[in-house]
Amino acid sequence: MSLPRPPLTIRMHADDNVAIVANDGGLPAGTVLPEGVPGGGLTLLEKVPQGHKVALEAIAQDAVVRRYGVPIGYALKDLPAGSWVHERVLKMPAARALEGLPMATVKPPAADPLDGYTFEGYRNADGSAGTRNLLAITTTVQCVAGVVAQAVARIKAELLPGYPNVDDVIGLEHTYGCGVAIDAPDAVIPIRTLRHISLNPNFGGEVMVVSLGCEKLQPDRLLPPGSFPIVDGRDASLGPETICLQADSHVGFMSMLDDIVASAKSHLERLDARRRETLPASELVVGVQCGGSDAFSGFTANPAVGFAADLLVRAGATVMFSENTEVRDAVEQLTSRAATPEVAEAIVRELDWYDRYLDRGRVDRSANTTPGNKAGGLANIAEKAMGSIVKSGTAPISHVLSPGEKLRPGQRGLVFAATPASDFICGTLQLAAGMNVHVFTTGRGTPYGLAECPVIKVATRSDLARRWHDLMDLNAGVVADGEASIEELGWDLFRLILDVASGRTRTWAERWKLHNQLVLFNPAPVT
Ligand code: CA
């Protein structure tokens, strides 16, 4: 049995008047903080749970509480040194106005290119690269989901064993397609999301559609001629290859299944003929996000992801960060880091649109934090945002994508892909943008995974990594334990990304086949 660790507190910035308690299980009232840690010599006036904040000095009522060197709230009462600073004693600061922001003012020195890093991937006809070789069946409407699920089960059982180079067969099921106001301006978001997911680089350019027939989202509206690759020599003006369940030729349920299974064969043959080849790391499109965050997220896992993000950008790759409500309180950092004033304006445009979207629902960004976030020590969204934004590293922001948009050829570097913070919606939109590897940090723990793309899960705490030893792919808690630096862990993650992209390492979510559903962002009305 190992000895209990001495009391440990961690302060993020020299100006902070709070530090967080790092010890498993927190620290009891009466604990004297040892010299050498922030608040050394202080006595805790009450029990402080793990990940929660302790006042390092007396903080008067209405005075600012600082973490990460920025205000995360104002004291609702006098807080003596050594007291527990939690969400019920803090008033949240107002969101920064979107006027008068610093626009593209930070000009970091160009980082040295990182040459020579490669992975084994699948080169696609459109120039993109896949990290997995999947047959994905596009659906136009939820009505066909049950039929497609049975067809996929048959394809896996009857055909897939004969195509050993194909990793899996998946149905791209969703809740859209009918019962929606298809011509509402905001309907463009779910429609282009589905279109672009069909074209994700992990699907090898093969497009196979199952439609019902009478739905609002008709196949040629989902995939108009010119929006998808033609790999089988067909006439593009005919639209994508589509199996329509209401077609007169279908007599009985089995004829529908037989038709879908038969259509899958030519796609499987072409996919099976592909081989992994050595590709530069610049072909990676890595989406980063967090879910089930705690106070550790901002000083272990997310900074390590940020360090790896900088390495990826230096290697010429694309890194997408997202989650509008979790970057809103850091908007100044984003607009100032934009590579050009146009990029800064696009960031403001996206966040302003999202403020108004939330306003329509009579909430604001503060609706983001969960009971688990608060139990984990995050007092409010201002504190959560500062810990979330560090996932983006330090590179200039090169491009901005609206929800459901896809990266255009040549768009590389650090990209802000505007999305809600909801884990599955963010993941779905990052898939549409062209993500081929997903990095996901969690403090409270979530078994999240996607069928379309490998998901590397990074635990913020060693306790979580120990308990969920067969769900977490990397333990960033070693930073809090003093066993590794952010730099060491960032390099570990960078190498793990290359291994996972190459198929040498399967993530835990892949091994257990943990697949969350696609969840569309539909801000438009349903009918
Ligand atoms: Ca999230």
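Every number for a ligand or one of its atoms is a count from 1 in the order of the listing. Just the heavy atoms: all of them, side chains too, but no hydrogens, waters or symmetry mates, feed the values below. For the single chain, residues carry numbers from 1 onward in sequence order.
- Nearest N/O/S atom of Asp423 with respect to the Ca ion (ligand 1) is recorded as OD1.
- Taking the Ca ion (ligand 1) as the corner point, the angle from Cys290 atom O to Gln289 atom OE1 is about 90° (rounded to 10 degrees).
- With 3.5 Å as the limit, one finds no donor-acceptor pair spanning the side chains of Asp473 and Thr507.
- No side-chain donor from either of Asp499 and Ser502 sits under 3.5 Å from a side-chain acceptor of the other.
- Residue contacts to the Ca ion (ligand 1): Gly291 brings no N, O or S atom closer than 3.0 Å.
- Minimum-distance N/O/S atom of Glu323 relative to the Ca ion (ligand 1): OE2.
- Within the 4.5 Å cutoff, the side chain of Asn200 has no heavy atoms near those of the Glu452 side chain.
- If you check the side chains of Ser402 and Glu350, you find a donor sitting under 3.5 Å from an acceptor.
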